[in-house]
Amino acid sequence: MSKTLIVILGPTGVGKTDISINIAKHFNTVISSSDSRQVYREMSIGTAVPEKEQLEAVQHHFIHTHSIHDYFSSWECEQQTLELLSNLYKEKDEVLLVGGSMMYIDAICNGIDEIPTIDPELRDQTFKRYEKEGLEAMQMELKQLDPVFYNQVDLKNAKRVIHAVEVCLMTGKAYSELRTNSRKKRDFKIVKIGLNRDRSELYERINHRVDVMMEEGLEKEAKALFKYREYNSLNTVGYKELFEYFAGEIDLEKAVELIKRNSRRYAKRQLSWFRRDAEIEWFHPDQEEEVIHYIENRITKEA
RNA sequence: GGUACCAUAGCUCAGUUGGUAGAGCAAUGGACUGAAAAUCCAUGUGUCCCUGGUUCGAUUCCAGGUGGUACCA
């Protein structure tokens, strides 16, 4: 019997959670989350983790399983999710993958290249050099270490340039040599469901959701994390804006406005990423029956 | 009802001594291989309220209309 990974993806706020739970119930299976922020147990309100009843209705994996103090990235996501799946497939024929973190989804579905995790000290050193010497110095360094990647990379994107330099220094090899540009073969079938709705409707939902988060106490949740604001895991919409407010840089009203705007922009970036993935079959979140029908078709047709 | 002022991008407004217009915010498109809710790149989207008049030419000047704001009744 072949195994299937049903991927439910879509922009933030589109309504993935509700339909996912119903689909999971229909297939009598569980949900693995591919959300780069809901994994952290210190964040709930601002990351819109499913409600308690929803988490009880269907078992969820990779929600609140890690701490903001842990290192977690697409690599860990790929490894840990694949391990989980191999266990789940002993019992189940279908498993749901639900989330909007584009790179995590791709890491699970297509795999990413094997590049060693950067030593924290080296990362720190490299970043300090960037701060001190500037982007141009890092670009020159990359040109030395890996002229091939230097010609491919978006040179204005400091994160990309710095990361490439880190990898070269860490491995003693050119970063471009480690990039295989290949897709890993998975031993399960992948069915990708994209959820989307009218842009204006999506934006209204996002705006409203932010107001609800504020009513539910997002400010308090963020306040407790203010001391960790330098953490990458807290460079997150809903928190970073409130940190600016706590620091006295903007007023609360402005912070809320920025949370809404940045959520909208995030949704736009997600759609931009998903749009080029031809494997995705798109639906409106209300089309639950159509989605289930489509999935069943795909499972039986290609079985 | 009268008087004054205003009407330009999704919003707030600038501007054109008459040659069809531009800022901020918002927005849109794109990139993406271990920090990805991150990071980076690109883009001005317009019956200049309507109808006439003057003019070679009106968003600009004039008249009327409509809508808004303020004050007086």
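A note on names: the letters A, B, ... follow the listed sequences, proteins ahead of strands, and every chain is numbered from 1. All values derive from a computational prediction rather than experimental measurement.
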**Student:** Less than 4.0 angstrom between a side-chain N/O of R265(A) and OP1 or OP2 of rA27(B), yes or no?
**Tutor:**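 Checking R265(A) against rA27(B): at least one side-chain N or O falls below 4.0 Å of OP1 or OP2.
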**Student:** Measure from NZ on K184(A) to P on rG34(B) and round the result to the nearest Å.
**Tutor:** 12 Å
**Student:** What is the pairing partner of rU16(B), taking Watson-Crick or G-U wobble pairs with both distances under 3.5 Å in any strand?
**Tutor:** none
**Student:** Please verify the inter-ring angle class for F72(A) with H66(A); under 30° counts as parallel, over 60° as perpendicular, anything in between as tilted.
**Tutor:**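 The arrangement is tilted - the two ring planes meet at 30° to 60°.
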**Student:** Looking only at atom P, what distance separates rG24(B) and rA31(B), rounded to whole Å?
**Tutor:** 26 Å
**Student:** Heavy atoms, side chains only, cut-off 4.5 Å: are T12(A) and R209(A) in contact?
**Tutor:**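 Counting from C-beta outward, T12(A) and R209(A) do come under 4.5 Å.
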**Student:** Can you find a heavy atom in the side chain of H60(A) that is under 4.5 Å from one in the side chain of S33(A)?
**Tutor:** no
**Student:** Mind checking who rC25(B) pairs with, Watson-Crick or G-U wobble, both distances under 3.5 Å?
**Tutor:**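 Base partner found: rG10(B).
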**Student:** Looking at Y130(A), does any N or O in its side chain come under 4.0 Å of the phosphate oxygens OP1/OP2 on rA35(B)?
**Tutor:** no
**Student:** If pairing requires Watson-Crick or G-U wobble contacts with both distances under 3.5 Å, which nucleotide is the partner of rU33(B)?
**Tutor:**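 Per the H-bond distance test, none.
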**Student:** Does F149(A) reach a base, just sugar-phosphate, or nothing at all? Heavy atoms under 4.0 Å.
**Tutor:** nothing
**Student:** From rG34(B), rG30(B), rU28(B), pick the nucleotide closest to the side chain of S272(A)?
**Tutor:**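 Side chain of S272(A) sits closest to rG30(B).
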**Student:** If the glycosidic angle sits within 90 degrees of zero it is syn, else anti. Tell me which applies to rG34(B).
**Tutor:** syn
**Student:** Within the side chain of K16(A), is there an N or O that forms a donor-acceptor pair under 3.5 Å with the backbone of G10(A)?
**Tutor:** yes
**Student:** Report the distance from atom CZ of R160(A) to atom P of rU39(B), rounded to the nearest whole Å.
**Tutor:**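 Atom-to-atom, R160(A) to rU39(B), this comes out as 11 Å.
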**Student:** Nearest of rA36(B), rA35(B), rG29(B) to any side-chain atom of R199(A)?
**Tutor:**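 Out of rA36(B), rA35(B), rG29(B), the nucleotide with an atom closest to R199(A)'s side chain is rG29(B).
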**Student:** Suppose you measure atom P in rG64(B) against the same atom in rA4(B); what distance do you get, rounded to whole Å?
**Tutor:** 10 Å
**Student:** What interatomic distance, in whole Å, is found between P of rA42(B) and the corresponding atom of rC48(B)?
**Tutor:** 30 Å
**Student:** Less than 4.0 angstrom between a side-chain N/O of Y231(A) and OP1 or OP2 of rA35(B), yes or no?
**Tutor:** no
**Student:** Measuring only the P atom in each nucleotide, how far is rG30(B) from rC6(B)? A whole number of Å is fine.
**Tutor:** 43 Å
**Student:** Identify whether any heavy atom of S182(A) sits under 4.0 Å from a base atom; if not, whether one sits that close to sugar-phosphate; answer base, sugar-phosphate or nothing.
**Tutor:**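 Contact class for S182(A): base.
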**Student:** In whole Å, what is the span from the CG atom of D277(A) to the P atom of rU33(B)?
**Tutor:** 15 Å
**Student:** Please state the C1' separation for the pair rU59(B) and rA9(B) - nearest whole angstrom.
**Tutor:**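 The same atom, C1', in both gives a distance of 14 Å.
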**Student:** Take atom CD of E133(A) as the centre, draw a 6.0 Å sphere, and report whether it contains more than 12 heavy atoms from other residues, nucleotides or ligands.
**Tutor:** yes
**Student:** Check the surroundings of atom NZ in K173(A): do more than 12 heavy atoms from other residues, nucleotides or ligands lie under 6.0 Å from it?
**Tutor:**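 12 or below, so no.
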**Student:** In the structure shown, which nucleotide is the Watson-Crick or G-U wobble counterpart of rC71(B), with both distances under 3.5 Å?
**Tutor:**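 Matched rC71(B) with rG2(B) under the 3.5 Å cut-off.
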**Student:** Looking only at side-chain N and O atoms, does Y104(A) come under 4.0 Å of OP1 or OP2 in rA36(B)?
**Tutor:** yes
**Student:** R229(A) and L234(A): side chain to side chain contact (heavy atoms under 4.5 Å, CB included), yes or no, with the steps?
**Tutor:** CA-CA 6 Å; R229(A) 61 189 175 283; L234(A) 290 172; 5.7 Å; no
**Student:** Does CD belonging to E131(A) count more than 12 external heavy atoms closer than 6.0 Å?
**Tutor:**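 Counting other residues, nucleotides and ligands, CD of E131(A) exceeds 12 neighbours.
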**Student:** Figure out the CG/C1' separation between N110(A) and rG34(B), and round it to whole Å.
**Tutor:**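 So the two atoms are 16 Å apart, to the nearest Å.
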**Student:** Could you tell me the separation between the CG atom of L122(A) and the P atom of rG34(B), rounded to a whole number of Å?
**Tutor:** 15 Å
**Student:** Tell which nucleotide pairs with rC48(B), taking only Watson-Crick or G-U wobble pairs whose two distances are both under 3.5 angstrom.
**Tutor:** none
**Student:** R199(A) and L271(A): side chain to side chain contact (heavy atoms under 4.5 Å, CB included), yes or no, with the steps?
**Tutor:** CA-CA 10 Å; R199(A) 192 65 67 91; L271(A) 288 167; 3.9 Å; yes
**Student:** So, R183(A) side chain and G111(A) main chain: donor-acceptor pair closer than 3.5 Å or not?
**Tutor:**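 No: the side chain of R183(A) does not pair with the backbone of G111(A).
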**Student:** Of the nucleotides rG30(B), rU28(B), rU33(B), which one has an atom closest to the side chain of R275(A)?
**Tutor:** rG30(B)
**Student:** In the strands shown, is rU59(B) matched to any nucleotide by a Watson-Crick or G-U wobble pair with both distances under 3.5 Å, and which?
**Tutor:** none
**Student:** Considering only the C1' atoms, how many Å lie between rG29(B) and rG53(B), rounded to the nearest integer?
**Tutor:**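 Pairwise C1' distance, rG29(B) against rG53(B), rounds to 45 Å.
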**Student:** Between rU8(B) and rU60(B), how far apart are the two P atoms, rounded to whole Å?
**Tutor:** 13 Å
**Student:** Checking contacts here: which listed nucleotide (rC40(B), rG34(B), rA35(B)) is nearest the side-chain heavy atoms of T117(A)?
**Tutor:**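 Side chain of T117(A) sits closest to rG34(B).
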**Student:** Hey, is the main chain of E121(A) close enough, under 3.5 Å, to the side chain of D119(A) for a donor-acceptor pair?
**Tutor:** yes
**Student:** Roughly how far apart, to the nearest Å, are rG15(B) and rA23(B) at atom P?
**Tutor:** 14 Å
**Student:** Using a 4.0 Å cut-off on heavy atoms, which residues in residues 232-246 of chain A reach RNA chain B? List them by number, or say none.
**Tutor:** N232(A), N235(A), T236(A), V237(A), K240(A)
**Student:** Give me the residues of residues 249-264 of chain A where at least one heavy atom lies under 4.0 Å from an atom of RNA chain B, by number, or none.
**Tutor:**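 Those residues whose heavy atoms fall under 4.0 Å from RNA chain B, taken from residues 249-264 of chain A in numerical order, are R261(A), R264(A).
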**Student:** So which one's nearest nucleotide on RNA chain B is more toward 5', L271(A) or D113(A)?
**Tutor:** L271(A)
**Student:** How long is the line joining CD of E166(A) and C1' of rU33(B), in whole Å?
**Tutor:** 14 Å
**Student:** Report yes or no: does Y130(A) contribute a side-chain atom to a donor-acceptor pair with the main-chain N or O of M138(A) at less than 3.5 Å?
**Tutor:**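 No, because the side chain of Y130(A) does not come within donor-acceptor range (under 3.5 Å) of the backbone of M138(A).
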**Student:** Would you say the side chain of N262(A) lies within less than 4.5 Å of the side chain of V237(A), judging by non-hydrogen atoms?
**Tutor:** yes
**Student:** Applying a 4.0 Å non-hydrogen cut-off, can you work out what Y40(A) is touching in the nucleic acid: base, sugar-phosphate, or nothing?
**Tutor:** nothing
**Student:** Return the nearest nucleotide to the side chain of N181(A); candidates are rU33(B), rU39(B), rG34(B).
**Tutor:**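 For N181(A), the side-chain atoms sit closest to rU33(B).
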**Student:** Starting at atom CD1 of I108(A), determine the distance to atom P of rA36(B), rounded to an integer number of angstrom.
**Tutor:** 13 Å
**Student:** How many Å lie between CZ on R179(A) and P on rU33(B), as a whole number?
**Tutor:**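 Roughly 5 Å, once rounded to whole Å.
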**Student:** If you only use heavy atoms from C-beta on, which nucleotide in rA27(B), rG34(B), rC40(B) is closest to the side chain of K156(A)?
**Tutor:**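 Of rA27(B), rG34(B), rC40(B), rC40(B) is nearest to the side chain of K156(A).
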